[in-house]
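Notes follow once the structure below has been shown.
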Amino acid sequence: MKRSHHCSELSKNDAGSTVQLCGWVDSVRDHGGILFVDLRDREGLTQIVLDPANQELEAQFGSIKPESVIAVSGEVRERIGDTVNASLATGAIEVHAQRLEILNVSKTPPFPMDDSADKVGEDLRMTYRYLDLRRTRNLDILRLRHRTSQAIRNFMDEEAFIEVETPMLFKSTPEGAREFLVPSRMNPGAFYALPQSPQQYKQMLMVAGVERYYQLARCFRDEDLRSDRQPEFTQLDIELSFIDREDMYALIEGLMKRVWNDVLGVDLETPFLRMSYFDAMNRFGVDKPDMRFGMELQDCGEVFANSGFKVFSGALQSGGAVKAFNAKGLADLTQGELRNLEDAAKSLGAKGLAFIKCEGGEWKSPILKFLSEEEKAGLGKLLDVEDGDIVFFAATEWEQACSILGRVRLDAAQLLVKRELLTIDPSDYKFLWVIEFPLMLFDEEAVRFVASHHPFTAPVAEDLSLLDSDPKKVRGQHYDLVLNGVELGGGSIRIHQPQIQKKVFEDVLKIDPEVVESRFGYMLKAFEYGAPPHGGIAFGLDRMVTILAQRQSIRDVIAFPKNQKGQEMMTSSPGIATDKQLRDLHIRCAPPKS
RNA sequence: GGGGUAGUAGCUCAGUUGGUUAGAGCGCCGGCCUGUCACGCCGGAGGCCGCGGGUUCGAGUCCCGUCUAUCCCGCCA
């Protein structure tokens with residue numbers, strides 16, 4: 001029996017016609033005589049009626065369980081009076097079964113198949129991921145992801161981009177994330193590495209004259225997982241020649257506009273806001289600020305310049321900063337909530353979390369006794385302190401002080417949301433370009449500079465001379481696209497002159513020349529054969545879809561995600577290799593650490 | 001590697017200051033029911049209270065350890 005319609009399609013106009021439907025038994029309502037079946041397929045739900053006059057059908061149906069697969073042939077009839085179900089798209093009709101095929105009988109599912117399953121333990125849902133995905137809500141996410149990719153492909157095609165596939169079997173790169181290694185059977189002792197991103201290949205495509213490249217590329221990073229991080233994930237990877245940063249901003253704003261319009265029907269405002277890395281840190285305490293709410297960090301350096309409170313004045317005297325922000329209306333926070341905020345601050349290296357709250361017109365704080373009247377007045381004015389407010393402080397080196405309060409700001413915002421004093425709307429899309437990152441960061445552990453983005457990022461032209469004298473001051477031509485506190489993507493204009501690239505590798509990053517030659521020699525060579533100026537960007541597609549679908553976890557928008565240990569529960573991967581496999585691969589396993 | 005939270009029926013959860021035989025809703029099984037649409041009604045089964053120790057006359061409850069999941073820090077050029 002072949003289907004003639006999907007379960008979403010039939011209406012009054014089809015009354016009288018004979019149709020064939022197939023799908024899953026969503027629910028059964030047996031009234032002893034008459035029996036109703038809700039039949040579900042990926043498009044919708046249609047009520048099937050088994051008439052008591054047809055005893056044969058009823059016997060065949062038996063006590064068939066939900067989630068069994070059946071095919072039904074029958075006559076479409078209009079429902080009359082109060083048998084119409086207004087809350088169902090196909091509620092104006094029903095199909096009176098004449099013939100029935102039972103295609104597959106289902107066992108009772110281990111968890112409910114309705115929306116209440118959203119609360120079921122994730123490990124169980126992942127073990128039975130095929131059932132979890134079968135739920136309409138999750139099928140809709142797969143569809144939304146498909147529409148997102150489709151919008152991207154259409155846009156990129158119209159903008160004259162060429163989609164090129166790059167190798168999955170690459171080689172190890174010395175910097176960056178830990179990689180997955182793949183042993184080479186034909187080259188004993190040698191290993192491929194799965195790509196962290198197609199970075200180097202896409203730059204070679206620019207040298208090759210492709211000019212405009214994109215790819216929905218799978219990437220791999222063997223780092224610890226988070227709710228927004230999976231060991232394999234998908235990037236929208238883009239690279240163009242003969243462009244500058246402004247061209248890139250305009251292109252990507254057009255892309256986002258298109259995606260949001262095609263997927264959600266939302267019209268985004270462009271151009272997007274721009275903010276320097278310094279301002280982002282200084283005002284919001286993160287390099288990916290959530291612009292949907294304020295509570296900006298203030299600099300209290302002037303207020304406490306000559307303070308008798310050693311914690312504050314000491315920080316200022318040693319070149320640090322005193323930062324603060326006002327969590328408006330949060331003065332009534334509980335001891336536990338305060339302790340959680342303090343713990344969050346401490347996890348970023350704070351010694352404690354100083355605060356002042358204002359209740360009943362009175363300021364209350366353990367540090368109040370250290371502050372002069374002028375300082376209190378200055379604070380009150382700077383931070384607009386009113387009754388019911390609480391102000392948090394951080395006094396240490398500037399960047400750390402900002403980071404600490406940046407974290408406290410986010411946590412405090414959640415507490416305010418819980419109290420309904422603050423609304424953070426998931427369908428309010430506040431895009432932001434974060435720009436002018438430092439090209440290099442000093443790694444205290446390794447005692448050397450590391451690239452803040454990656455070593456192929458071009459310095460801002462006027463900072464080029466600082467590469468030798470003061471690498472920390474060099475700004476990179478790097479940009480991040482941030483949406484509602486999430487880093488959606490980032491990229492840069494690249495270095496395309498071999499001598500500058502070599503200098504960055506060897507003189508600034510202090511990578512051994514032999515290592516540079518073995519890892520990047522081909523690239524330096526390529527740059528000697530007419531490399532065009534170029535730049536690119538890459539977006540986390542999974543993160544983008546997570547926001548579009550208004551979900552909390554990246555796992556919700558990946559068909560078969562991995563748990564926090566990197567295992568895929570349904571198939572129990574990874575698995576143990578056999579001795580023969582290992583022999584072929586020239587690998588011997590060390591005994592596990594006890 | 002570190003910190004937080006959780007683990008009681010198939011699922012989601014409750015379980016009082018330690019005290020009879022550990023409960024509820026949904027699901028499941030059986031019965032009844034010809035207009036339901038989360039159908040209804042009646043009856044029933046189902047528990048190593050994550051695991052291992054300990055304290056106690058007595059532990060789901062207190063203590064120690066451990067495992068699992070998840071969130072966060074480190075890490076993620």
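To find a chain, count down the sequence lines: A is the first, B the second, and so on, and within it residues start at 1. Because the structure is predicted, anything quoted here is derived from the model rather than measured.
For A:Q501 and A:Q497, the side-chain atoms include no donor-acceptor pair closer than 3.5 Å. In this model, no donor atom of one side chain and acceptor atom of the other lie less than 3.5 Å apart for A:H96 and A:Q98.
Among the heavy atoms of the strands, none lies under 4.0 Å from A:V504. Residue contacts shown for A:N85 include a base, since a base heavy atom lies under 4.0 Å away. Within 4.0 Å of A:P455, counting heavy atoms only, lies at least one base atom of the nucleic acid. When heavy atoms are screened at a 4.0 angstrom cut-off, A:V450 is found touching no nucleic acid atom at all.
One interatomic measurement links the two molecules: CG of A:D343 to P of B:G4, which rounds to 9 Å at whole-angstrom precision. Rounding to whole angstrom units, CG of residue A:L441 and P of B:C75 are separated by 12 Å. Going from atom CD of A:E232 over to atom C1' of B:C76 covers 16 Å, rounded to whole Å. Following rounding to the nearest Å, A:R339 (CZ) and B:G3 (C1') show an atom-to-atom distance of 14 Å. The distance between atom NE2 of A:H96 and atom P of B:U34, rounded to the nearest whole Å, is 16 Å. Between the CG atom of A:D118 and the C1' atom of B:U12 there is a distance of 12 Å, rounded to whole Å. Atom CZ in A:F36 sits about 15 Å away from atom C1' in B:A38, given to the nearest Å. Following rounding to the nearest Å, A:D114 (CG) and B:U12 (C1') show an atom-to-atom distance of 11 Å.
Between the side chain of A:R125 and the base of B:C11 there is no donor-acceptor pair of N/O atoms closer than 3.5 Å.
A heavy atom lying under 4.0 Å from RNA chain B marks the following residues of residues 86-94 of chain A, by number: A:E94. Within residues 44-60 of chain A, the residues that have a heavy atom under 4.0 Å from RNA chain B are, in order of number, A:Q47, A:P52.
The side chain to side chain donor-acceptor pair (under 3.5 Å) check on A:K472 picks up nothing, with sequence neighbours excluded. By the side chain to side chain donor-acceptor pair (under 3.5 Å) test, A:Y213 is found to be paired with A:Q215, A:D237, residues two or more places apart in sequence or in another chain being considered. Residues passing the side chain to side chain contact (heavy atoms under 4.5 Å, CB included) test with A:R178, sequence neighbours excluded: A:D222, A:E223. Judged as a side chain to side chain contact (heavy atoms under 4.5 Å, CB included), and not counting sequence neighbours, the contacts of A:Q230 are A:L225, A:I554, A:R555, A:I558, A:P561, A:K562. For A:E239, the salt bridge (charged side-chain N to carboxylate O under 4.0 Å, His left out) partners at least two apart in sequence or on another chain are A:K202, A:R494. For A:N484, the side chain to side chain contact (heavy atoms under 4.5 Å, CB included) partners two or more places apart in sequence, or in a different chain, are A:D290, A:R292, A:Y429, A:K430.
The six-membered or imidazole ring of A:F170 lies away from that of A:Y192, with a centre-to-centre distance of 6.0 Å or more. Between A:H31 and A:F36, the gap from one ring centroid to the other is short of 6.0 Å.
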- Can you list the steps and then say if A:R339 with A:E337 is a salt bridge (Lys or Arg N to Asp or Glu O under 4.0 Å)? CA-CA 5 Å; A:R339 199 171 52 243; A:E337 287 168 339; over 6 Å; no

- Apply ring pair (Phe, Tyr, Trp, His ring centres under 6.0 Å) to the pair A:F456 and A:F520, showing each step before the final yes or no. CA-CA 11 Å; A:F456 316 114; A:F520 302 115; 5.7 Å; yes

- Stepwise salt bridge (Lys or Arg N to Asp or Glu O under 4.0 Å) test for A:D463 and A:K473: CA-CA 8 Å; A:D463 293 354; A:K473 283 240 173 73; over 6 Å; no

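Residue A:R29 places at least one side-chain N or O closer than 4.0 Å to OP1 or OP2 of B:C39. A:S27 has a side-chain polar atom (N or O) that falls below the 4.0 Å cut-off from OP1 or OP2 of B:C39.
Pair assignment for B:U66: B:G50, on the basis of Watson-Crick or G-U wobble contacts that are both within less than 3.5 Å. B:C33: no Watson-Crick or G-U partner with both key distances under 3.5 Å is found in any strand. Nucleotide B:G44 forms a pair with B:C28, judged by Watson-Crick or G-U wobble geometry with both contacts under 3.5 Å. Judged by Watson-Crick or G-U wobble contacts below 3.5 Å, the nucleotide B:C75 has no partner. If you check B:A22 for Watson-Crick or wobble pairing at under 3.5 angstrom, you find it has no partner at all. Using N1 to N3 plus N6-O4 or O6-N4 for Watson-Crick, or N1-O2 and O6-N3 for G-U wobble, each under 3.5 Å, B:U17 pairs with nothing.
Comparing B:U21 with B:G58, their P atoms are spaced 15 Å from each other, to the whole Å. Between the P atoms of B:A59 and B:G74, the separation comes to 44 Å (whole Å). Taking the P atoms as reference points, B:G10 lies 33 Å from B:G3, given to the whole Å. When the P atom is used for both B:U8 and B:A69, the distance is 15 Å, rounded to whole Å. Atom P of B:A9 sits at a distance of 9 Å from the matching atom of B:C49, rounded to the whole Å. Nucleotides B:A6 and B:U61, compared at atom P, are 15 Å apart to the nearest Å. Rounded to whole Å, the C1' atom of B:G65 lies 24 Å from the corresponding atom of B:C72. Distance check on atom P: B:G30 versus B:G35 gives 23 Å, rounded to whole Å.
Both A:L124 and A:A177 lie close to RNA chain B; mapped to their nearest nucleotides by heavy-atom distance, the more 5′-ward contact belongs to A:L124. Residues A:D82 and A:N340 each lie close to RNA chain B; by heavy-atom proximity, the contact nearer the 5' end of the strand is made by A:N340.
Identified under the side-chain hydrogen bond (donor to acceptor under 3.5 Å, both in side chains) test for residues 125-135 of chain A, with sequence neighbours left out: A:E67-A:R134, A:D118-A:R135, A:R125-A:D132, A:R129-A:D132, A:D132-A:R135, A:D132-A:N138.
Going from atom OH of A:Y479 over to atom CH2 of A:W433 covers 7.5 Å, rounded to the nearest 0.5 Å.
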- What does nucleotides 27-33 of chain B look like as a protein-contact string, B for base, S for sugar-phosphate only, - for none, at under 4.0 angstrom between heavy atoms? SSS---B

- Message: Base contacts versus sugar-phosphate-only contacts with protein, heavy atoms under 4.0 Å: please encode nucleotides 67-73 of chain B as B, S and - from 5' to 3'.
- Response: -SSBBSB

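Ring-to-base geometry does not place A:F111 in a stacked arrangement with B:C11 (centre distance under 5.5 Å, plane angle under 30° required).
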Could you tabulate the donor-acceptor pairs under 3.5 Å formed by side-chain atoms of residues 508-515 of chain A, not counting sequence neighbours?
unit_1 : atom_1 : unit_2 : atom_2 : d
A:K510 : NZ     : A:D507 : O      : 3.0
A:D512 : OD2    : A:E514 : N      : 3.2

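Under the 30°/60° scheme for interplanar angles, the aromatic rings of A:H478 and A:F437 are found to lie parallel.
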